[in-house]
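Presented below is the structure to which this report refers.
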There are 2 protein chains.
Amino acid sequence: MLLRWYCRVVASEITDERSIQTRIADDLRARIEIGEYAAGDQLPTYEQLTQRYLCSSGVARKAIDLLRQQGLVVSKQGKGVFVRERARPKRHGIDRYARSRWKQGGTAIHDAEAGNQGLSVKQLYRELGEVPAPPAVAAAFGIEEGAPVWVRKRTTIVDGRPHQLADSYYPLDLAVGTRLTEENSGPGGGFARLDEAGDPLAEIREEWSARMPSSPESVSLQLPGGTPVIDLTRIVYDTKGRAVEVMLAVIAADTVEISYRFPIPD
Amino acid sequence: MLLRWYCRVVASEITDERSIQTRIADDLRARIEIGEYAAGDQLPTYEQLTQRYLCSSGVARKAIDLLRQQGLVVSKQGKGVFVRERARPKRHGIDRYARSRWKQGGTAIHDAEAGNQGLSVKQLYRELGEVPAPPAVAAAFGIEEGAPVWVRKRTTIVDGRPHQLADSYYPLDLAVGTRLTEENSGPGGGFARLDEAGDPLAEIREEWSARMPSSPESVSLQLPGGTPVIDLTRIVYDTKGRAVEVMLAVIAADTVEISYRFPIPD
DNA sequence: TAGTGGTCTAGACCACTAG
DNA sequence: TAGTGGTCTAGACCACTAT
């Protein structure tokens with residue numbers, strides 16, 4: 001044992017100074033990248049890794065942990081560790097808000113977007129009712145924090161996997177008495193109802209950032225290890241400049257690709 | 001020892017079935033969220049954690065690993081584990097492309113944007129020269145893969161921290177003979193040079209997604225554990241619809257917040 | 001039943017920080 | 001020098017999957 005320890009120290013001084021677990025992870029990553037292990041392939045078992053790299057099982061596990069954090073592999077208990085199949089991301093362009101989509105009725109915008117890409121879409125309601133306004137919502141509506149607003153909290157499931165947790169908030173006067181208070185908001189979805197209930201919709205502002213999920217979010221979105229989430233705040237304004245909807249969404253980052261096109265501003 | 005094992009099993013059956021490390025991590029996360037540990041505070045040492053939660057040091061480490069993956073804490077060897085100070089994200093709105101910014105000269109757009117927020121900006125060049133076009137670039141320019149293009153690869157450092165790795169590609173005929181081939185591209189930056197060299201710039205398309213960084217990216221961007229990156233592809237078109245710049249950037253996600261505003265399309 | 005990954009222990013030793 | 005986090009070992013036992 002002492003002998004092996006010396007070997008390792010010498011080797012690490014000659015070759016490089018990173019930890020063993022990091023070097024194993026990097027070696028495996030390189031092999032994945034050159035295609036030695038293709039998407040869906042099983043990686044060597046921990047037993048095999050300890051033999052190949054002359055390390056303890058703890059170190060082999062640490063190495064695989066690193067790859068999992070990088071989103072390269074997924075583990076399946078009792079089966080093995082596998083190179084991750086890339087989920088096919090759904091594109092989200094600004095076209096998704098085209099008036100023609102929801103004016104004609106049919107489906108809600110998100111359904112339409114995913115549906116256009118040949119994917120099945122389902123919405124699960126987590127909450128539908130009157131709640132006190134969270135800070136960001138109160139700020140957008142210009143009301144006091146905690147004042148009552150209407151909320152629709154739902155989980156969108158695309159192709160059998162949770163895709164986003166979306167919470168839409170509405171001013172009470174626009175929501176109450178419309179189908180925004182029902183699970184099925186009717187043809188054209190929420191946008192159509194807002195457009196009917198008040199002034200026509202005019203502008204959208206979106207604000208995005210990315211971060212790692214909290215534990216409950218990991219569970220709700222069934223996120224594979226090493227998958228970030230995207231935080232989206234979307235505010236919809238009508239022609240009078242009034243904010244009529246604030247949506248706070250947490251999106252599984254491995255399921256989206258976002259695109260915008262716009263003229264260069266003056 | 002056996003006794004403790006039984007205690008634990010019984011307790012876990014009564015209360016919940018998650019692993020000890022997860023429960024420790026969740027408990028600490030809750031304490032951070034209610035402010036028991038504020039940003040910058042030191043968490044209990046591993047020694048203290050093993051005593052408080054009656055677990056081995058390995059489990060305490062696993063718990064902290066989880067918090068690190070969630071981007072909540074950072075470790076400093078020899079000092080302790082600390083609640084992470086949130087880097088103040090720099091806002092990136094579409095105003096950043098406003099013609100008035102680069103037409104007047106002064107600084108390049110990214111400098112201008114960060115500079116407006118009172119931050120110091122530096123650019124380190126990693127490469128500047130003629131290279132074969134990568135696939136995405138060739139596709140945008142409508143040329144063959146591997147055909148020569150001009151590239152400026154640089155690392156932007158904002159407020160002393162690497163913020164993004166940005167690689168801008170230009171068609172040779174627009175770059176050669178202009179200051180795009182120099183490290184200092186002159187007043188107004190790359191956009192101003194493109195505008196002068198060819199037709200006026202007209203439109204921008206951006207496409208982005210979020211993922212975990214690879215090991216080299218972690219190092220280059222000095223990413224704290226649990227920090228995702230944003231992959232951004234930006235293509236600039238001139239009034240004739242020709243793609244005149246393709247930028248491929250990898251951005252540290254904890255340093256940006258991206259915003260868009262646009263009228264609802266028809 | 002054998003093989004896999006997941007959790008956990010109880011240590012040893014290293015590298016870094018601070019008084 | 002004492003205290004901290006980082007790496008690594010050599011196991012034990014659990015939960016799940018296949019045969």
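A note on names: the letters A, B, ... follow the listed sequences, proteins ahead of strands, and every chain is numbered from 1.
- Judged purely by atom type and a 3.5 angstrom limit, Ser220(A) has no side-chain atom pairing as donor or acceptor with the backbone of Glu217(A).
- Not one side-chain nitrogen or oxygen of Tyr46(B) sits closer than 4.0 Å to the OP1 or OP2 atom of dG3(D).
- Distance NZ (Lys62(A)) to P (dG5(C)): 18 Å, rounded to an integer number of Å.
- Annotated stems with DNA chain C as a participant read C:1-18 with D:1-18, given as range with range, by first number; only runs of 3 or more Watson-Crick or G-U pairs under 3.5 Å qualify.
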inquiry  = Please determine whether salt bridge (charged side-chain N to carboxylate O under 4.0 Å, His left out) holds for the pair Arg31(A) and Asp41(A), giving the CA-CA distance in whole Å, both sets of side-chain angles, and the decisive distance to 0.1 Å.
reply    = CA-CA 12 Å; Arg31(A) 288 168 192 271; Asp41(A) 283 3; over 6 Å; no
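- Residue-level contact check: Gln21(B) touches the backbone only, with heavy atoms under 4.0 Å from sugar-phosphate atoms and none from bases.
- Closest to the Thr45(B) side chain, of the nucleotides dT4(D), dC8(C), dT4(C), is dT4(D).
- Atom CD1 in Ile64(A) sits roughly 15 Å away from atom P in dC8(D) (whole-Å rounding).
- Of the options Val59(A), Leu43(A), Ile24(A), a side chain to side chain contact (heavy atoms under 4.5 Å, CB included) to Ile64(A) is made by Leu43(A) and by none of the others.
- Closest-nucleotide positions on DNA chain D for Ser57(B) and Glu47(B) were compared, and the one nearer the 5' end corresponds to Glu47(B).
- The nucleotide whose nearest atom lies closest to any side-chain atom of Arg61(A) is, among dT9(D), dT7(C), dT7(D), dT7(C).
- A donor atom on one side chain and an acceptor atom on the other are found under 3.5 Å apart for Arg154(B) and Ser168(B).
- Of the residues in residues 74-84 of chain B, those with a non-hydrogen atom less than 4.0 angstrom from any atom of DNA chain C are Gln77(B), Gly78(B), Lys79(B).
- Partners of Glu33(A) under the side chain to side chain contact (heavy atoms under 4.5 Å, CB included) rule, at least two apart in sequence or in another chain, are Arg29(A).
- For Val59(A) and Asp65(B), each mapped to the nucleotide of DNA chain D holding its nearest heavy atom, the one lying further toward the 5' end belongs to Asp65(B).
- In this structure, the CG atom of Leu49(B) is 16 Å from the C1' atom of dT9(C), given to the nearest Å.
- With sequence neighbours excluded, the residues that form a salt bridge (charged side-chain N to carboxylate O under 4.0 Å, His left out) with Glu182(B) are Arg179(B).
- Ring geometry, Trp208(A) versus Tyr260(A): the interplanar angle exceeds 60°, so the pair is classed perpendicular (tilted spans 30 to 60°).
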Considering only distance and modelled atom types, tabulate donor-acceptor pairs under 3.5 Å from the side chains of residues 69-83 of chain A, sequence neighbours left out.
unit_1   : atom_1 : unit_2    : atom_2 : d
Gln70(A) : NE2    : Ser215(B) : OG     : 3.0
Ser75(A) : OG     : Arg68(A)  : NH1    : 2.3

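- Pro44(B) is linked by a side chain to side chain contact (heavy atoms under 4.5 Å, CB included) to Tyr37(B), Gln48(B), Leu49(B), Arg52(B), counting only residues two or more places apart in sequence or in another chain.
- Distance, Tyr53(B) OH to dC8(C) C1': 17 Å, rounded to whole Å.
- To the nearest angstrom, P of dG6(D) lies 17 Å from CD1 of Ile20(A).
- Taking atom CG of residue Leu54(A) and atom P of nucleotide dC8(D), one finds them 13 Å apart after rounding to whole Å.
- Side chain of Ser56(B), nearest nucleotide from dT9(C), dG11(C), dG6(D): dT9(C).
- For Ser19(B), the listed nucleotide lying nearest its side chain is dC8(C); candidates were dC8(C), dT4(D), dG5(C).
- The two residues Val246(B) and Ala140(B) make their nearest non-hydrogen contact at CG2-CB, 3.5 Å.
- Atom-to-atom, CG of Leu43(A) to P of dG5(C) comes out at 9 Å; the value is rounded to the nearest Å.
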